[in-house]
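Each ligand, and each atom within it, is numbered from 1 in the order the structure gives. Because only heavy atoms are used, hydrogens play no part in the values below, and waters and symmetry mates are left out as well, while side chains stay in.
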Amino acid sequence: MNSELKKAVDEVTAGYTVDNKTLIDGADLFVQMMKEGLALSKPQRLTMPMIPTFVTAVPLGKEKGLYLAGDLGGTNFRVCSVQLNGDHTFNLEQQKTKIPQDLMTGAQGLPLFRYLAEKIGLFIKEHHQNYCTEENDNRLKLGLTFSFPVDQTALHQGSLIRWTKGFDLPDVVGRDVVGLLQIQLDELTVPVDVVALANDTVGTLLLRAYSNDESKTKANTVVGCIFGTGTNGAYYESRENIKKINVESKGMAINTEWGSFDNGLKVLPNTKYDQIVDAETANPGYHLFEKRISGMFLGELLRVTLKDLADRELLFCDLKKERGGSLPHRLVSPWQLDSQVLLYLEIDDSTNLKMSQLILENELRLKTTPEERIAIQEITRAISKRAALLSSIPISAIVKHVKHLYKHDDNDFEIGCDGLVVEFFPGFKERIYEGIKIINPLLDLKKKIVLTIAKDGLGVGAALCASVA
Ligand code: GLC
């Protein structure tokens, strides 16, 4: 690498470095923000929402029956039916469709809910035809996983606080999303009642708790979390700590909405690239933790970093000359670099980073020199390393906050995780463990924190919510 480029790459990667103090202070601040959020009835920008979910018990694995689940959380809508067998196992049928881009943003939210209802109707016709005959007036119960911040007022009721992850349909904000879906189902005479509303993290928590046979794993499931398009976590909180509502049961699952941890940027690193990405989003100033961590933003962070180096004439100079002064459209336009590309760039160990060369040409129409690819790989690794280390903050903080509730046994603390980033990014989980070791939330307790991948949490978790409704 020429010395000027090397110097710039070193500066950029240093900016993406997280030191131990950030992690340790971050975990303390997280616990403080949990407590503040649990006391505050109206979420504010600088606090974490800490939303009561009205899910008052964690499943034991004995639940039975057929339930439906719908899952809206990123770019796809998934409908599933789940047969709970009552022995920690289940059978699942599912169908997934990509949501048309024009339904994700715009003045009207109704077409989106119409689309969801149509997909549910089609699924039932295909997989549960017996519910569609005139003689059968039984209705199916559906749990809706809706992975956006919702101010939940009952298990089956909640109004949208704001959209995240690229959705922007302003007329839905403040309205009950279950009601909006039920109206469309009824209009289409689909025999389904939406009986529960759950965030994806709650689904993940419930699924792991249902599947976890403690006698075998010697672990209690304490957190359900997502590191995918967005990031967030849910855990079970005891009644006396939930100051903002009156809880009649022993406790309740709380959806932290940790994407909004430290919107005040007291401890989080804040490079100029973070600021550019935040300014490009529909919710600037919000979900700043998520914007450093999750799949939707990692690609964009890399893109704006590369564009900056190109603007400073440190990268892609030959290419620019060749193209008469312009750079490929996909490098200069926001949101064109899919985070999956980072995955390939990160693991590439081919000679001259040939695999990266192909990926960059295919995905971004970006021709690169071997030297440029080394620079790109170093930056990619710095961005994903930062994301993984920062991810250890909420996990450590929640375990620190709840560990006293699990004094009665020697079981480990299990964290059920779902999402593309944690599942497929090389070394992501290991780096979370590295961060947990630095924060050391268990001090000298002889227990461990174990991250378990909880696949299909969304569907089964929502079905479990429907089963208790
Ligand atoms: C975003 C949403 C949150 C969801 C998370 C993971 O942070 O606000 O509700 O759980 O993405 O999908």
Side-chain angles (χ1 to χ4, degrees), residues 30 33 37 43 45 47-55 69-78 96 99 104 143-152 158-169 172-173 177-178 196-208 223-235 253-263 268 277-278 281-298 300 339 387 390-391 393-395 398 415-423 428 453-459 461-462 465:
F30 195 96
M33 290 190 72
R45 189 180 80 84
T47 54
M48 250 180 347
M50 301 297 288
I51 302 167
T53 62
F54 297 85
V55 170
D71 163 32
L72 179 73
T75 43
N76 296 310
F77 180 58
R78 216 154 51 111
K96 192 159 98 173
I99 302 187
M104 291 170 60
L144 175 67
T145 308
F146 189 80
S147 307
F148 301 92
V150 164
D151 182 11
Q152 203 150 352
S159 55
L160 178 67
I161 299 173
R162 60 176 165 271
W163 289 108
T164 50
K165 299 178 287 193
F167 279 76
D168 193 14
L169 300 159
V172 182
V173 175
V177 292
V178 171
L197 173 66
N199 187 260
D200 50 1
T201 54
V202 178
T204 306
L205 176 68
L206 297 194
L207 164 70
R208 256 327 290 165
V223 177
C225 56
I226 306 283
F227 296 98
T229 309
T231 182
N232 187 14
Y235 72 104
I254 296 288
N255 164 18
T256 63
E257 287 293 329
W258 75 37
S260 262
F261 164 57
D262 198 16
N263 283 343
L268 288 179
V277 171
D278 183 38
T281 61
N283 56 349
Y286 286 89
H287 262 44
L288 296 188
F289 184 66
E290 175 164 283
K291 288 174 188 167
R292 283 149 179 78
I293 291 192
S294 70
M296 171 149 183
F297 303 97
L298 297 181
E300 187 57 6
S339 294
L390 290 177
S391 300
I393 293 178
I395 293 174
I398 294 178
I415 316 292
C417 314
D418 197 0
L420 184 105
V421 173
V422 65
E423 207 183 333
F428 201 88
I453 299 292
K455 279 191 91 62
D456 291 324
L458 317 186
C465 282

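- Scored by the side-chain hydrogen bond (donor to acceptor under 3.5 Å, both in side chains) test, Thr256 finds Asn232 as partners (sequence neighbours excluded).
- Relative orientation of the Phe261 and Phe289 rings is perpendicular, given thresholds of 30° and 60° on the angle between their planes.
- In this structure Asp151 satisfies the side-chain hydrogen bond (donor to acceptor under 3.5 Å, both in side chains) test with no other residue, sequence neighbours excluded.
- To the nearest 0.5 Å, the span separating CE on Met33 from CG on Asn263 amounts to 6.5 Å.
- Residues passing the side-chain hydrogen bond (donor to acceptor under 3.5 Å, both in side chains) test with Lys165, sequence neighbours excluded: none.
- Ring pair Phe227/Trp258 is tilted by interplanar angle, where 30° to 60° counts as tilted.
- Taking a heavy-atom cut-off of under 4.0 Å, ligand 1 is surrounded by Ser147, Phe148, Pro149, Thr164, Lys165, Asn199, Asp200, Thr201, Ile226, Gly230, Thr231, Asn232, Glu257, His287, Glu290.
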